[in-house]
Protein chains: 2
Amino acid sequence: MVTSRDVAKLAGVSQPTVSRALTDHPRVSESTKKRVRDAALALGYSTNAIGRALSVGRSDRIGLVVTDLENQFYANMIAPLHRELEQHGHELVLITESPASAPLPERVAAHGLAGVILSTTTVDSVQPSRLRDRGIPFVYLNRTAPSARADSVTVDPEPGVRELLSEAVALGHTRIGAIFGPRNTSTGEQREQVVRAVLDEHGLALAQRDVLHGPFDFGTGYEGLRTLHERGGGPTLLLCGNDVVAVGALNAAAELGVPVPAGISIAGFDDLPTSRWALVRLSTVAYDLDAVAREAARLVVARVAKPDTELAHVVYPTHYVSRATVGGPRA
Amino acid sequence: MVTSRDVAKLAGVSQPTVSRALTDHPRVSESTKKRVRDAALALGYSTNAIGRALSVGRSDRIGLVVTDLENQFYANMIAPLHRELEQHGHELVLITESPASAPLPERVAAHGLAGVILSTTTVDSVQPSRLRDRGIPFVYLNRTAPSARADSVTVDPEPGVRELLSEAVALGHTRIGAIFGPRNTSTGEQREQVVRAVLDEHGLALAQRDVLHGPFDFGTGYEGLRTLHERGGGPTLLLCGNDVVAVGALNAAAELGVPVPAGISIAGFDDLPTSRWALVRLSTVAYDLDAVAREAARLVVARVAKPDTELAHVVYPTHYVSRATVGGPRA
DNA sequence: ATCGGTTGTGCATACGCATACAGTCGCGGT
DNA sequence: ACCGCGACTGTATGCGTATGCACAACCGAT
């Protein structure tokens with residue numbers, strides 16, 4: 001392995017000078033900088049991230065903590081996050097919150113992460129307060145936790161939900177059901193509250209029996225629609241906690257031979273790329289998923305660089321995208 | 001930050017003893033081990049990965065190098081890879097081969113990765129020989145490069161393709177087209193060769209005008225089907241380089257109002273989870289994607305632990321899964 | 001010519017951990 | 001009683017980089 005000392009020898013300078021030259025320290029003359037750079041290039045040297053991390057006390061690695069990597073929602077977050085972090089010279093480390101393994105704060109500290117992006121659904125599992133105790137910057141992505149003071153980037157469901165329900169009401173839907181996300185989730189609860197509030201404005205309410213809850217995954221939507229179908233005479237419009245759930249419902253409907261939207265209308269939330277497929281054409285409450293992810297990346301990076309600046313709470317708007325899965329209620 | 005020295009002080013031993021106790025060194029008495037463990041627990045200590053990595057000369061981090069994180073194929077690899085690596089005490093770092101940034105070997109070395117899983121489509125971009133020069137273990141996932149001696153886990157297209165084409169011929173298809181993967185790809189080339197060979201056994205051949213090539217992405221399938229459709233009178237069965245391409249074609253067909261399989265049959269390769277959706281029901285050449293990914297993870301881990309053991313080339317079989325997108329040829 | 005100030009570089013050291021080596025202690029055998 | 005050996009544990013050091021500090025060289029001003 002070629003070290004900065006090797007470069008130093010070749011360039012005829014000391015090791016610290018190599019370090020300074022390569023980090024563009026102002027107190028190094030241009031001529032030495034050039035000599036050092038040439039030597040580094042000749043030897044194929046690139047500074048050892050581990051040594052650097054140990055020396056400066058932190059790495060350039062950002063952890064992304066998610067509940068479930070299989071989930072399409074998280075899968076779609078990874079690419080934009082990675083791109084943005086890479087541009088800032090950081091790398092992305094994936095972490096899942098498996099209850100089996102060590103508590104997250106310990107794992108994060110042990111891995112020497114510079115910062116963490118929390119995008120888990122369940123609120124308490126990561127013990128954010130203990131993260132703060134350890135001085136590890138973290139940012140909430142698509143969820144918040146008021147008690148834990150940290151940057152966050154979230155989405156405001158209201159405009160999108162308002163548009164969606166206006167259209168639904170105009171189409172004549174009165175019996176509306178929902179498959180919401182898990183109850184202990186800020187995202188899930190917020191979406192549920194907004195839906196109920198906006199429905200209330202229209203003089204409508206969700207019947208108890210038309211409301212289901214479950215994790216934000218395919219199975220929740222799939223099983224949910226089957227449950228409602230078995231009961232018979234269910235809602236004419238089914239609001240889903242997110243697109244993954246909605247697609248699960250859509251697939252169950254297809255299997256059961258229930259036409260969408262003629263038999264039942266289905267709406268989602270998130271506007272994932274798959275929802276735009278001609279095979280899916282999911283009507284959904286949309287927002288700029290890539291921008292949200294990139295913003296989270298920017299926030300951690302900024303927080304890592306300057307831990308004591310004012311907290312940022314970025315909120316993205318939503319809008320309704322009407323495609324093919326919401327139509328008039330069945331006769 | 002709590003260090004091993006803090007633990008040492010609390011436990012009344014020296015720092016090296018802490019290190020040895022926590023790594024379960026045989027020459028440390030059970031009583032001191034217990035005292036050290038208790039002290040560590042009391043202080044919430046976990047060994048600093050950076051310090052450890054610098055000391056032992058390598059980290060426990062495995063890099064996954066992919067062409068395109070957006071691609072569903074890679075997205076589906078990540079979860080099983082992560083799980084398997086985590087079980088072995090390694091973590092997963094994502095790396096994309098962006099031509100813009102530094103050459104991969106330098107980046108890998110700089111990040112201090114213990115090993116690398118190469119799952120890029122293009123063969124030469126990563127310069128595997130230079131990886132070997134630097135002594136960084138790497139493993140090929142879903143591709144090979146005969147010149148570079150390294151472990152690999154691949155898939156044998158033949159049994160699946162054979163089943164697929166038997167069924168297609170039995171159904172009466174004679175005019176068969178294909179959208180293959182990129183030409184400079186081991187996976188793409190292999191699949192193409194096998195298809196041509198098996199077709200040849202049936203006395204069939206691909207007409208030049210019915211064969212397209214392109215990257216393994218949605219757009220390739222989408223544009224490909226549109227191109228064939230515009231020309232008119234195309235093949236009755238379209239073989240796609242992988243499921244992502246096939247789904248692209250499927251969506252184009254849906255937009256164009258071409259019924260599948262009545263208007264055209266479409267087959268894929270990989271059997272991604274989305275291909276099983278009731279909305280998709282893609283007939284495809286399948287293999288155990290999770291097992292392939294996990295095997296790759298196991299191979300790097302083993303290679304990192306013992307760099308000089310014999311090379312492993314694991315090949316998984318394929319089989320054909322007949323769902324809804326392949327039927328008899330149009331009249 | 002002398003001196004304060006600036007510029008550029010080297011020296012020493014620290015980061016947290018692991019490990020080769022040296023040392024201590026206690027035990028059993030003669 | 002002495003020696004030797006094994007069982008533990010401490011000391012010293014190294015991994016590769018960054019950085020505070022000291023120092024040398026040089027500049028311009030008096």
Side-chain angles (χ1 to χ4, degrees), chain A residues 1-37 39-40 43-61 89 106 108-114 134-136, chain B residues 1-37 39-40 43-61 89 106 108-114 134-136:
Chain A
M1 168 178 282
V2 37
T3 75
S4 61
R5 228 172 291 272
D6 301 326
V7 177
K9 195 183 298 177
L10 180 60
V13 296
S14 71
Q15 177 269 322
T17 297
V18 171
S19 170
R20 282 187 281 245
L22 295 180
T23 54
D24 214 32
H25 189 103
R27 288 300 188 71
V28 174
S29 71
E30 272 310 319
S31 59
T32 12
K33 276 183 187 171
K34 174 151 176 35
R35 240 181 326 134
V36 169
R37 274 195 294 260
L43 296 176
Y45 169 82
S46 51
T47 105
N48 181 315
I50 298 180
R52 178 190 172 84
L54 185 60
S55 185
V56 302
R58 74 178 138 79
S59 68
D60 52 2
R61 306 159 52 207
E106 274 70 19
V108 168
H111 287 321
L113 297 183
R134 289 170 170 269
I136 299 166
Chain B
M1 168 178 283
V2 36
T3 75
S4 61
R5 228 172 291 272
D6 301 326
V7 177
K9 195 182 297 176
L10 180 59
V13 296
S14 70
Q15 176 268 321
T17 297
V18 171
S19 169
R20 283 185 284 243
L22 294 180
T23 54
D24 214 32
H25 189 103
R27 288 299 190 71
V28 174
S29 72
E30 272 309 319
S31 59
T32 23
K33 276 182 188 172
K34 173 151 177 33
R35 242 184 320 138
V36 169
R37 275 195 294 261
L43 297 176
Y45 169 82
S46 51
T47 103
N48 180 315
I50 297 180
R52 179 192 170 83
L54 186 60
S55 184
V56 302
R58 73 179 140 78
S59 68
D60 52 1
R61 307 159 51 206
E106 273 71 19
V108 168
H111 286 322
L113 297 183
R134 289 169 170 271
I136 299 165

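Protein chains get the first letters and strands the later ones, always in sequence-line order, with residue 1 at the start of each.
B/L10 meets the side-chain contact (heavy atoms from CB on, under 4.5 Å) test with B/A39, B/A42, B/L43; sequence neighbours excluded.
Counting only distance, with no hydrogens or angles, the side chain of B/R58 and the backbone of B/A114 share no donor-acceptor pair below 3.5 Å. Side-chain atoms of A/S4 never come within 3.5 Å of backbone atoms of A/S19 as a donor-acceptor pair (strictly under, hydrogens ignored).
Atom pair B/L22:CG and C/dC17:C1' shows a separation of 11 Å (rounding to whole Å applied). Atom NZ in A/K9 sits about 15 Å away from atom P in C/dG10, given to the nearest Å. Between the C1' atom of C/dA14 and the CZ atom of B/R5 lies a distance of 10 Å, rounded to the nearest Å. The interatomic distance linking B/R20 (CZ) with C/dA20 (P) rounds to 10 Å, in whole Å. Taking atom CG of B/L54 as the reference point, atom C1' of C/dA18 lies 10 Å away to the nearest angstrom. Taking atom CZ of residue A/R58 and atom C1' of nucleotide C/dA14, one finds them 17 Å apart after rounding to whole Å. C/dC17 atom P lies 18 Å from atom NE2 of B/H25, rounded to whole Å. The NE2 atom of A/H111 sits 18 Å away from the P atom of C/dG16 (whole-angstrom rounding).
Think of the region where chain A sits on DNA chain D: with heavy atoms and a 4.0 Å cut, that region ends 5' and 3' at D/dG16 to D/dG20.
Within the 4.0 angstrom heavy-atom criterion, no nucleotide atom of any strand lies near A/V18. Residue contacts shown for A/T3 are limited to sugar-phosphate atoms, with no base heavy atom under 4.0 Å away. Within the nucleic acid shown, B/S4 comes within 4.0 Å of sugar-phosphate atoms alone, with no base atom in reach, counting heavy atoms only.
Between A/S31 and A/Q15, it is A/S31 whose nearest contact on DNA chain C lies nearer the 5' terminus. If A/E30 and B/S46 are placed on DNA chain C by their nearest nucleotide, the residue sitting closer to the 5' end is A/E30. Positionally, the nearest nucleotide of DNA chain D for B/V28 lies more toward the 5' end than for the other of A/S19 and B/V28.
Ion pair B/D24/B/K33 flagged as a salt bridge, since at least one NZ, NE, NH1 or NH2 atom sits closer than 4.0 Å to an Asp/Glu carboxylate oxygen.
Relative to the axis of its first five pairs, the axis of the last five pairs of the helix from C/dA1-D/dT30 to C/dT30-D/dA1 sits at 50°, rounded to 10 degrees.
Side-chain contact check for B/V13 versus B/V36: some heavy-atom pair is nearer than 4.5 Å. Taking the side chain as every heavy atom from C-beta outward, A/T23 and A/R52 approach each other to under 4.5 Å. Using a 4.5 Å heavy-atom cutoff, the side chains of B/R61 and A/R61 are in contact.
For A/R27 and C/dG8, the shortest distance from a side-chain N or O to OP1 or OP2 is not below 4.0 Å. For B/S55 and C/dA18, the shortest distance from a side-chain N or O to OP1 or OP2 is not below 4.0 Å.
For the atom pair A/Q15 CD and A/R20 CZ, the distance stands at 9.0 Å (nearest 0.5 Å). Note that CD1 of A/I136 and CG of A/L113 are 7.5 Å apart. Values are rounded to the nearest 0.5 Å.
The heavy-atom pair separating B/Y45 from B/T3 by the smallest distance is CE1-C, 3.4 Å.
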